[in-house]
Number of protein chains: 2
Amino acid sequence: MQIDSVNISQGASAATIICDALRRAIIEGRLNDGDALRQDEIARMFGTSRIPVREAIAMLEQQGLVVTQRYKGAVVAGISPQEAAEIWDFRALLEGHVIEAAVPRMTAATFARARRHLDAFAKTANPRDWGELNRQFHTTLYAASDLSYHLTVIDKALDRVDRLLRAQLSLSNGLARATEEHEAILAACEAGNPEQAGQLTRQHILGAKANLLAQINRD
Amino acid sequence: MQIDSVNISQGASAATIICDALRRAIIEGRLNDGDALRQDEIARMFGTSRIPVREAIAMLEQQGLVVTQRYKGAVVAGISPQEAAEIWDFRALLEGHVIEAAVPRMTAATFARARRHLDAFAKTANPRDWGELNRQFHTTLYAASDLSYHLTVIDKALDRVDRLLRAQLSLSNGLARATEEHEAILAACEAGNPEQAGQLTRQHILGAKANLLAQINRD
DNA sequence: ATAATGAATATTGGATACAATATGCAATAC
DNA sequence: GTATTGCATATTGTATCCAATATTCATTAT
């Protein structure tokens, strides 16, 4: 008789669940810069005491997503145009490098998966999904590099700027242009051309940065 | 009458104090890979309850310095040779870039400060100080770049590998060689040569990586 | 002897209670 | 009217306690 065993002791802790939910809410724009995170309110929402909420907030602060001040609580971290610009440059440097390392190791399964994410991104009507779908497209390609530390750092950088991605894609023609650029990046990967994939990725990121900064300066 | 006001409300929380102390202990090698972090013991040492200790541990986990398992507590994170190698490559990429951006913005005060850190590094006899002094030398140079996000990410990477730095510097001639390389980097900065500073920084980091990996493979 | 079992103890997870600080609002002063 | 003060309330920080789970060790079975 064959019994499938499952590890029943590793359900997520309350703090982890709350941290993930808050992180998602911040990234997807449901919580905005400067919004206060009230410990008692969040505890009520999750049916728990404040202790795991505090632990979740401590985690989020380490991720740069919230800022706490002693005795005054936590607020969602803002991001200045200068910081956003720097993070975009950072991403161009790092993601360009990672995709170059990844291309020689990509398989047909990589391409198929990336194609699915690209298509989903292109056809979604819900702005809230753009960040996640964009991320899935890119990180599927990068994952072939096997550079897990790099990927973790990229994920963290994306967490910080995803809310701005929505603003940038909302620009006239933003979505169509991003989709074209994704197509070109995927084509370079499929052609086995690391230099071109890297170059296109850097242009893609820096182009998005330029658009967004232009919008901020116009506002 | 002139009164100097001070902000008296911003002492660090217990969790922050504990987190910083544990982080330092890990980085400096006083806590080793796999060491358990016992909540009750740490709470006693700091004269507090376990709650701030739990918060501190949650923070450290986000920093990649400890690994927790539900109901089993936290242990100091290990680092495999592969992960160490990747982080060194990561540092070469990032720090090379940052110092190139920094060179054109460096001042005489930068050089004087870096010189002091270089000298302190060269003459210390205490291996426990190598990581911090090495870090101060490099980050003094990088700070002129004004790339604060990059610097934060570099600091985090250094936190992960500083304990290995000690091993690498303990190698025959490791300290003398690192000092020579620091001298060359500083000279390139003083000469206002970003490309050379970047190149020497990358070589410095990748050379340290190669030495360490050779030692690991010998063991 | 080794392996299995069960109870006691240790440790973690988090609920509740208390202490410390911040905020808001009504009352008072000018 | 505006500014200041003082008190009540709200919120954060953490101590204490209880519940849940893991580990250890003595006892029993083979």
Side-chain angles (χ1 to χ4, degrees), chain A residues 3 5-23 25-26 31-78, chain B residues 3 5-23 25-26 31-78:
Chain A
I3 299 188
S5 68
V6 301
N7 188 336
I8 61 172
S9 69
Q10 304 302 311
S13 67
T16 299
I17 291 169
I18 293 166
C19 177
D20 288 345
L22 290 175
R23 174 179 161 278
I26 292 167
L31 287 172
N32 298 309
D33 300 5
D35 282 357
L37 302 185
R38 296 277 312 286
Q39 296 179 10
D40 53 351
E41 181 179 317
I42 293 164
R44 265 195 307 271
M45 284 167 54
F46 286 88
T48 185
S49 77
R50 289 191 293 112
I51 300 303
V53 176
R54 293 180 57 81
E55 289 177 28
I57 287 170
M59 296 181 194
L60 290 165
E61 188 171 31
Q62 296 304 308
Q63 296 174 19
L65 296 180
V66 309
V67 177
T68 67
Q69 203 167 359
R70 195 161 200 218
Y71 290 120
K72 295 188 173 198
V75 299
V76 176
Chain B
I3 298 187
S5 68
V6 302
N7 188 337
I8 61 171
S9 70
Q10 303 302 314
S13 66
T16 300
I17 291 170
I18 293 165
C19 177
D20 288 345
L22 290 175
R23 176 179 159 274
I26 291 167
L31 285 173
N32 298 310
D33 300 5
D35 282 357
L37 302 184
R38 295 277 312 285
Q39 295 179 13
D40 53 352
E41 183 179 316
I42 292 164
R44 264 193 310 268
M45 285 166 56
F46 286 88
T48 184
S49 77
R50 289 191 295 111
I51 299 302
V53 176
R54 293 179 59 80
E55 289 178 23
I57 287 170
M59 297 180 196
L60 290 166
E61 188 170 31
Q62 295 304 308
Q63 297 173 19
L65 297 179
V66 308
V67 177
T68 67
Q69 203 168 0
R70 196 160 201 217
Y71 288 120
K72 296 190 174 197
V75 300
V76 177

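Just so you know, these numbers come straight off a predicted model, no measurement behind them. Proteins come first, then strands; the chains are lettered A, B, ... in the order of their sequence lines, and each starts at number 1.
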The side chain to side chain contact (heavy atoms under 4.5 Å, CB included) partners of A/D20 (sequence neighbours excluded) come to A/T16
Any side-chain N or O of B/Q39 below 4.0 angstrom from OP1/OP2 of C/dG13?
yes
Check step by step if side chain to side chain contact (heavy atoms under 4.5 Å, CB included) holds for A/T68 and A/I57.
CA-CA 8 Å; A/T68 67; A/I57 287 170; 3.6 Å; yes
Write out all pairs satisfying salt bridge (charged side-chain N to carboxylate O under 4.0 Å, His left out) with one or both partners inside residues 57-66 of chain B, taking only residues at least two apart or from two chains.
none
Starting at NZ of A/K72 and ending at P of D/dG13, how long is that distance when rounded to a whole Å?
12 Å
Check: A/I42 and A/L22 side chains under 4.5 Å, non-hydrogen atoms
yes
note: B/Y71, atom OH; C/dA10, atom C1'; distance rounded to Å ~ 15 Å
Do the side chains of B/V76 and B/L37 get nearer than 4.5 Å, heavy atoms only?
yes
For A/R23, what residues pass the salt bridge (Lys or Arg N to Asp or Glu O under 4.0 Å) criterion, not counting sequence neighbours?
A/D159
Using a 4.0 Å cut-off on heavy atoms, which residues in residues 55-63 of chain A reach DNA chain D? List them by number, or say none.
none
Ordered by number, residues from residues 44-54 of chain B within less than 4.0 Å of DNA chain C (heavy atoms) are B/R50, B/I51, B/R54
Within-4.5 Å side-chain heavy-atom neighbours: B/M59 and A/M59:
no
Just jot down the side-chain hydrogen bond (donor to acceptor under 3.5 Å, both in side chains) partners of B/R38, sequence neighbours excluded, or say none.
B/D40
Whole Å only: how far is the CG atom of A/L37 from the C1' atom of D/dT11?
13 Å
Rounded to whole angstrom units, what separation is found between the CD atom of A/Q69 and the C1' atom of C/dT21?
13 Å
Atom CG of B/D40 and atom P of D/dA15 are separated, to the nearest Å, by 14 Å
Gap between atoms CZ and P, on B/R70 and D/dT23 respectively (whole Å):
15 Å
